[in-house]
Protein chains: 2
Amino acid sequence: MYSIGDLSRKTGVKIPTIRYYEQMGLIAAPDRTEGNQRRYERRELERLSFIRHARDLGLSIEAIRELVELSQHPEKPCAGADEIAVEHLASVRAKIAQLKKLEHELERIVSHCAGHTVGDCYVIRALSDHGLCDGEH
Amino acid sequence: MYSIGDLSRKTGVKIPTIRYYEQMGLIAAPDRTEGNQRRYERRELERLSFIRHARDLGLSIEAIRELVELSQHPEKPCAGADEIAVEHLASVRAKIAQLKKLEHELERIVSHCAGHTVGDCYVIRALSDHGLCDGEH
DNA sequence: CTTGAACCTATAGTCGCTAGAGAGATTAGA
DNA sequence: TCTAATCTCTCTAGCGACTATAGGTTCAAG
């Protein structure tokens, strides 16, 4: 039996976050002591590690809910889990592409800034005038 | 004189967002008609384009507030603006690096998934067992 | 003058937590 | 057994940057 603090230390998930996950239905409401404190079993420790891991990979609570649901049914086809991961991978790649555009634009703006006053600062001018930009963003 | 709708169409910033920016102090509260509707001048159109542009580059409201403030004083040194842009560039790069790690991890997980049921699905197993992961994340 | 589009304010919701208050429970040591 | 320290409880509010909705008012074209 683990207290919520034990669980937190073992998984690296903060205590209020564990309670939040319970509220969101990612983990089941555990048994309580007579004094109303949560007591967990190994099963919940594993589930929470799973969640932690998925969050580290950037999956949304909603996606994790589906994965947790799936993982409870080992006999089902795994296409659903695969799809969630593939979709997430696509969105990660899209985000990288978008950030790279920003990176280039910012590099360009910063490197052009030779001004000493705001009046001739390329950073300010580039923001004021879209015409100075390289592409879409 | 532009209505809030005109401003929205010309800048691509949605109407509620314009009102939000006013509340946040990014744009000054404009004059009103007798019937209490906002009427803007060209000056505010330019300011809003500036803001839009900076938001597109991913700058925070707080950073934009500083840039707007600076742009009102063309005689000041532009080191402050430069610093904001450089710092933002660094944070964009950090985010890219983090996302690339996730990309690789997800690629690996997805490509290993040859299972037909959840029970032997690599996606689920990788999430359940951190030992299957490649590195830190 | 009528009508329909545009505008107003105020409030609540989004996501994934995090912080704080104030009260009660547990546990280790004396 | 008592006490003090630590842990845990619930509830509420806040973050950032909007977005949505409701219910009402004003504007402008015909």
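In what follows, every chain begins at residue 1, and chains take the letters A, B, ... in the order their sequences are listed. As the structure is a prediction and not an experimental result, all values here were calculated from the model.
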Rounded distance (Å) that lies between atom P of C/dC17 and atom CD of A/Gln23: 13 Å

A/Arg65 side chain near C/dG16 phosphate (N/O to OP1/OP2, under 4.0 Å): no

B/Thr17 side-chain N/O to D/dA17 phosphate OP1/OP2 under 4.0 Å: no

Any A/Tyr21 side-chain N or O less than 4.0 Å from OP1/OP2 of C/dC17: yes

Touch class at under 4.0 angstrom, heavy-atom based, for B/Arg32 against every strand present: sugar-phosphate

Phosphate-side-chain proximity, A/Ser3 and C/dT26, N/O vs OP1/OP2 below 4.0 Å: no

Polar side-chain atom of A/Gln98 near backbone of A/Lys95 as donor-acceptor pair, under 3.5 Å: no

Side chain proximity check, B/His53 to B/Phe50, heavy atoms < 4.5 angstrom: no

Rounded distance in Å - CD1 (A/Ile15) to P (C/dT26): 15 Å

Length of the line joining B/Leu59:CG and D/dC18:C1', which is rounded to integer Å: 17 Å

Rounded distance [0.5 Å steps], CG in B/Leu99 versus CZ in A/Arg93: 12.0 Å

Side chains of B/Thr117 and A/Pro77 in contact at under 4.5 Å (non-hydrogen atoms): no

Non-hydrogen side-chain atoms of A/Tyr21 and A/Val13 separated by less than 4.5 Å: yes

Spacing of CG belonging to A/Leu89 relative to CD belonging to B/Glu107, to within rounding of 0.5 Å: 6.0 Å

Touch class at under 4.0 angstrom, heavy-atom based, for A/Arg55 against every strand present: sugar-phosphate

Nearest-angstrom distance from the residue atom CE of A/Met1 to C1' of D/dT8: 15 Å

Nucleotide D/dC7, atom P - distance to CG of A/Leu7 in whole Å: 15 Å

DNA chain C contacts made by residues 84-95 of chain B, counting heavy atoms under 4.0 Å: none

B/S/- contact track for nucleotides 20-30 of chain D, protein heavy atom under 4.0 Å: ------SS---

Whichever of A/Glu62 and B/Ile4 has its nearest DNA chain C nucleotide further upstream toward 5': B/Ile4

Protein-nucleotide distance (A/Tyr40, atom OH; D/dC7, atom C1'), rounded to Å: 14 Å

Rounded distance in Å - CE (B/Met24) to C1' (D/dG14): 13 Å

Straight-line distance of B/Ile27 CD1 to B/Glu22 CD, nearest 0.5 Å: 6.0 Å

Neighbour count above 12 (heavy atom, 6.0 Å) for B/Arg42 CZ: no

N or O in side chain of B/Arg38 less than 4.0 angstrom from C/dT9 OP1/OP2: yes

A/Tyr2 and A/Arg38: side chain donor to acceptor below 3.5 Å: no

Rounded distance [0.5 Å steps], OG in B/Ser8 versus CZ in B/Arg19: 10.0 Å

Rounded interatomic separation in angstrom, taking OH from A/Tyr2 and C1' from D/dT8: 19 Å

